[in-house]
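These numbers come from a predicted model, not from an experiment.
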Amino acid sequence: IATNSRIKLGNELYDKIVKVFAAGRNYWISRNEAKYNDYVIYGASSPTPQPQVTIAMASKQNPPTPVNMGVIGTNGEEATANYGDSTTETKTVNDSTPTVFSHLHSSVGNYSMQMIATILALLEFYAPDCKISAINLPEGINLRVLDLMNNLLTSFFLPLSCVNMLNLQLNNNELDQQSINQLLITIESFGTSNGQISMQGGTTPAPTGQGLIAMNQLIARGWTILTN
């Protein structure tokens with residue numbers, strides 16, 4: 001009984017170590033390569049797998065137009081696009097130019113699309129002009145660039161894990177007041193400098209209240225912020 005208890009406690013402790021390990025690697029992923037590489041679990045029977053994340057999107061294809069999405073990430077990592085019509089596409093990404101995923105839906109409809117990859121593969125995501133009406137960025141993803149210009153978004157939420165976000169393009173959408181204000185408050189809380197946010201065009205309102213205060217604090221730290 002005592003042996004089994006020790007094994008159980010050991011397994012619980014190991015699970016906690018793995019979670020700390022994953023959190024550390026996620027934090028340093030694009031901040032400091034040396035510190036990122038320091039997160040190694042010695043004696044593990046196999047390499048610790050990278051956490052996988054899924055960007056879920058709803059796309060209103062009426063009429064159908066080409067969907068073009070781009071991904072930049074760590075060299076050699078893979079990403080898979082699921083276009084919501086039984087069509088998938090897997091490609092290897094790189095850290096310099098976007099790997100492009102392209103598709104044309106054959107008929108009018110609302111499609112549930114996904115971009116599936118490890119955190120290392122999804123450092124930058126580009127999906128302008130894709131008729132995206134809703135998007136879900138999972139907690140744990142750590143994007144530094146996100147381009148969702150010229151879509152149909154009415155709301156948007158940026159996870160707290162996106163601490164490296166420095167370039168966010170949301171021009172020509174239909175975002176509501178709450179989304180705009182909360183987005184600016186979230187990014188201001190990261191304490192970063194010299195980034196860019198663009199939310200012009202469409203029906204997106206200008207920030208108000210705490211959102212406006214957060215925007216002014218970001219501008220004071222060198223951010224360029226363009227709003228209606």
Tell me whether [Y] is reachable from [X] by hopping between hydrophobic residues (I, L, V, M, F, W, Y) whose side-chain heavy atoms are closer than 4.5 Å.
X: F156; Y: L152; answer: no
X: I213; Y: W223; answer: no
X: I132; Y: V145; answer: no

Hey, does [Y] have a side-chain heavy atom less than 4.5 Å from the side chain of [X]?
X: C130; Y: Y126; result: no
X: I72; Y: V93; result: no
X: Q169; Y: N167; result: yes
X: S106; Y: Q61; result: no
X: T65; Y: D129; result: no
X: R144; Y: L166; result: no
X: L168; Y: L183; result: yes
X: Q210; Y: N181; result: no

Just by modelled atom types, is the [Y] backbone N or O under 3.5 Å from a matching donor or acceptor in the [X] side chain?
X: S59; Y: Y111; answer: no
X: Q182; Y: Q177; answer: no
X: N171; Y: Q200; answer: yes
X: Q52; Y: I116; answer: no
X: T92; Y: G76; answer: no

Once rounded to the nearest 0.5 Å, what's the spacing between atom [atom1] of [X] and atom [atom2] of [Y]?
X: N151; Y: S133; atom1: CG; atom2: OG; answer: 9.0 Å
X: I119; Y: E77; atom1: CD1; atom2: CD; answer: 10.5 Å
X: L153; Y: S179; atom1: CG; atom2: OG; answer: 9.0 Å
X: I55; Y: M69; atom1: CD1; atom2: CE; answer: 9.0 Å
X: N82; Y: S112; atom1: CG; atom2: OG; answer: 9.0 Å
X: L226; Y: M215; atom1: CG; atom2: CE; answer: 10.0 Å

Hey, can you tell me if Y83 and H103 have their rings parallel, tilted or perpendicular (30° and 60° cut-offs)?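 Correct class here is parallel.
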
With no hydrogens and no angle check, do the side chains of N172 and N150 hold a donor and an acceptor under 3.5 Å apart? yes

Tell me, with the steps shown, if N68 and S102 meet side chain to side chain donor-acceptor pair (under 3.5 Å). CA-CA 5 Å; N68 294 300; S102 299; 2.6 Å; yes

